[in-house]
Amino acid sequence: PRSTLFPYTTLFRSERERICYAINSRRTEFLYRLRKGKNTMSIIHVGHIKNNVASRFGNLIDLYDVQTASAEQKEACRLTRSLAAFAVAELGDVDDVTAAKAVTDGTGDNGIDAVYYDAAEKNCYLIQSKWVASGNGSVEVGDVHKFIQGVRDLLDAHFDRFNAKMQAHQDKVFAALSDASAKFTI
C-alpha cells in the first residue's frame, strides 16, 4: 500500500530494485532536463547511488594501480570502477564478484572501463564510466573519442593497445568476435 503522506513512494522488494528504479527515474529526468538546458542531479540521489555502489563493490574493486594516489583520487577511482561494476552486474545479470572482475579501468584501458561477455546470451558489454561527485558533470569529448578508439581497437583485436586487466579478458572477447551471432552492447 502507498503512504497517504507520500503518495509517490513505492515499496521495493530489495535495495537493488530501489537503486535501479532511482537510476531509471534519474535517466528520464536527465533527458528532460537536458532538453530544457539543465543537467543536474540532486545530491540526495548522488548519495544514494554512491552508498549503494560503494557498499556492493567497494571491497571487491582492484585499486592496486592507484596505491600512491591521494585519498581523494583513490575514492574517485573506487567509485568510478564500482559504477562500471554496477553496470555489468545489472546489464549482465551477474553477481557482484563477477562484475568487479570485469572492471578494466586504469592506465592503458583505452577508454573501456569494463568488459563482460555473456556467452549464453551472446552479448559482450563494453562499459565506460565516470564518477562525478556533484552529479552535474557529463562525458568529456576526449573521453568519448578515447572510448570510440578503444572499441575500434577491441573489434580489430589489437589487445597490445590495452592494459593487463583488459588482456585478461582477451579469450572471452575473442569468443564474442568469433561468433557471428554475438552482439556488442556499448
Side-chain angles (χ1 to χ4, degrees), residues 16 19-20 23-24 26-28 30-31 34-35 39 41 49 52-54 56-58 60-67 69 73-74 76-132 135 137-186:
R16 175 181 172 186
I19 293 297
C20 288
I23 289 172
N24 286 332
R26 293 305 300 164
R27 184 182 314 139
T28 302
F30 170 78
L31 293 173
L34 193 59
R35 284 189 216 111
N39 181 11
M41 181 180 272
I49 294 167
N52 182 266
V53 298
R56 282 180 65 182
F57 302 101
L60 302 173
I61 296 298
D62 175 21
L63 295 174
Y64 181 78
D65 59 325
V66 293
Q67 287 181 350
Q73 289 172 323
K74 279 184 191 176
C77 193
R78 183 174 66 93
L79 290 169
T80 292
R81 293 175 185 184
S82 294
L83 197 57
F86 178 81
V88 169
E90 296 305 309
L91 293 171
D93 195 28
V94 296
D95 63 273
D96 292 353
V97 173
T98 302
K101 288 179 181 176
V103 174
T104 60
D105 180 56
T107 303
D109 67 9
N110 213 348
I112 299 175
D113 294 331
V115 61
Y116 175 73
Y117 180 54
D118 182 344
E121 294 294 322
K122 298 185 180 210
N123 196 349
C124 188
Y125 297 97
L126 305 176
I127 309 294
Q128 210 298 320
S129 66
K130 184 69 68 184
W131 178 259
V132 180
S138 63
V139 180
E140 299 288 330
V141 174
D143 291 334
V144 172
H145 287 292
K146 185 178 175 184
F147 181 70
I148 291 169
Q149 185 58 52
V151 171
R152 287 182 180 143
D153 287 342
L154 187 88
L155 295 177
D156 290 337
H158 292 300
F159 281 93
D160 58 317
R161 298 179 183 170
F162 290 94
N163 63 19
K165 291 179 184 180
M166 176 60 91
Q167 290 175 5
H169 297 281
Q170 184 172 340
D171 292 342
K172 295 172 191 167
V173 174
F174 273 139
L177 291 171
S178 301
D179 188 342
S181 61
K183 65 180 180 177
F184 286 78
T185 301
I186 299 174

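From a predicted model like this one, the values you see are computed outputs, not experimental measurements. Sequential numbering from 1 along the given sequence is applied to the chain's residues.
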Report the relative orientation of the aromatic rings in Tyr116 and Tyr125; use parallel for angles under 30°, tilted for 30 to 60°, perpendicular for over 60°. parallel
Is it the case that more than 12 heavy atoms not belonging to Glu121 sit under 6.0 Å from its CD atom? no
Do Asp62 and Lys165 have side chains that get closer than 4.5 Å, going by heavy atoms? yes
For Asp118, what residues pass the salt bridge (charged side-chain N to carboxylate O under 4.0 Å, His left out) criterion, not counting sequence neighbours? none
Any side-chain heavy atom of Ile148 sitting closer than 4.5 Å to one from Arg152? yes
Assess the residue pair Met166 and Asn110 against the criterion (side chain to side chain contact (heavy atoms under 4.5 Å, CB included)); give the C-alpha distance rounded to whole Å, side-chain angles, the decisive distance to 0.1 Å, and a yes or no. CA-CA 9 Å; Met166 176 60 91; Asn110 213 348; over 6 Å; no
Side-chain donor/acceptor of Thr80 to backbone N/O of Ser129, under 3.5 Å: no
Does atom NZ of Lys74 have more than 12 heavy-atom neighbours from other groups under 6.0 Å away? yes
Please report the shortest heavy-atom distance between Leu83 and Lys130, naming the atom on each side. CD2-O, 4.0 Å
Closest approach of Arg78 and Ala54, non-hydrogen atoms and distance? NH1-CB, 3.5 Å
Can you find a pair of side-chain heavy atoms, one from Asn163 and one from Thr107, that are under 4.5 Å apart? no
Going through the distances and angles, do Asp96 and Phe57 end up as a side chain to side chain contact (heavy atoms under 4.5 Å, CB included)? CA-CA 7 Å; Asp96 292 353; Phe57 302 101; 3.5 Å; yes
Do the side chains of Ile127 and Leu91 get nearer than 4.5 Å, heavy atoms only? yes
So do Lys146 and Asp109 actually touch side chain to side chain, heavy atoms under 4.5 Å? yes
Correct closest heavy-atom pair for Lys122 and Ser181 would be CD-OG, 3.1 Å
Please evaluate residues Leu155 and Phe184 with respect to the criterion side chain to side chain contact (heavy atoms under 4.5 Å, CB included), reporting the C-alpha separation (whole Å), side-chain torsions for both, the decisive distance (0.1 Å), and the verdict. CA-CA 10 Å; Leu155 295 177; Phe184 286 78; 4.1 Å; yes
Identify the heavy atoms of Phe147 and Leu126 that sit nearest to each other, and give their distance. CZ-O, 4.0 Å
Does any part of the side chain of Val173, heavy atoms only, come nearer than 4.5 Å to the side chain of Phe159, both counted from C-beta? yes
Which heavy atom of Thr104 sits nearest a heavy atom of Ala114, and at what distance? OG1-N, 3.4 Å
Distance, nearest 0.5 Å, that separates SG of Cys77 from CD1 of Ile61: 9.0 Å
Apply side chain to side chain contact (heavy atoms under 4.5 Å, CB included) to residues Tyr117 and Asn123 and explain how you reach the verdict. CA-CA 6 Å; Tyr117 180 54; Asn123 196 349; 5.7 Å; no
Qualifying residues under salt bridge (charged side-chain N to carboxylate O under 4.0 Å, His left out), relative to Asp105, sequence neighbours excluded: Arg81
Are more than 12 heavy atoms, taken from residues, nucleotides or ligands other than Gln67, located less than 6.0 Å from that residue's CD atom? yes
Could you pull out the closest heavy-atom pair between Ala84 and Val103, with the gap in Å? CB-CG2, 4.4 Å
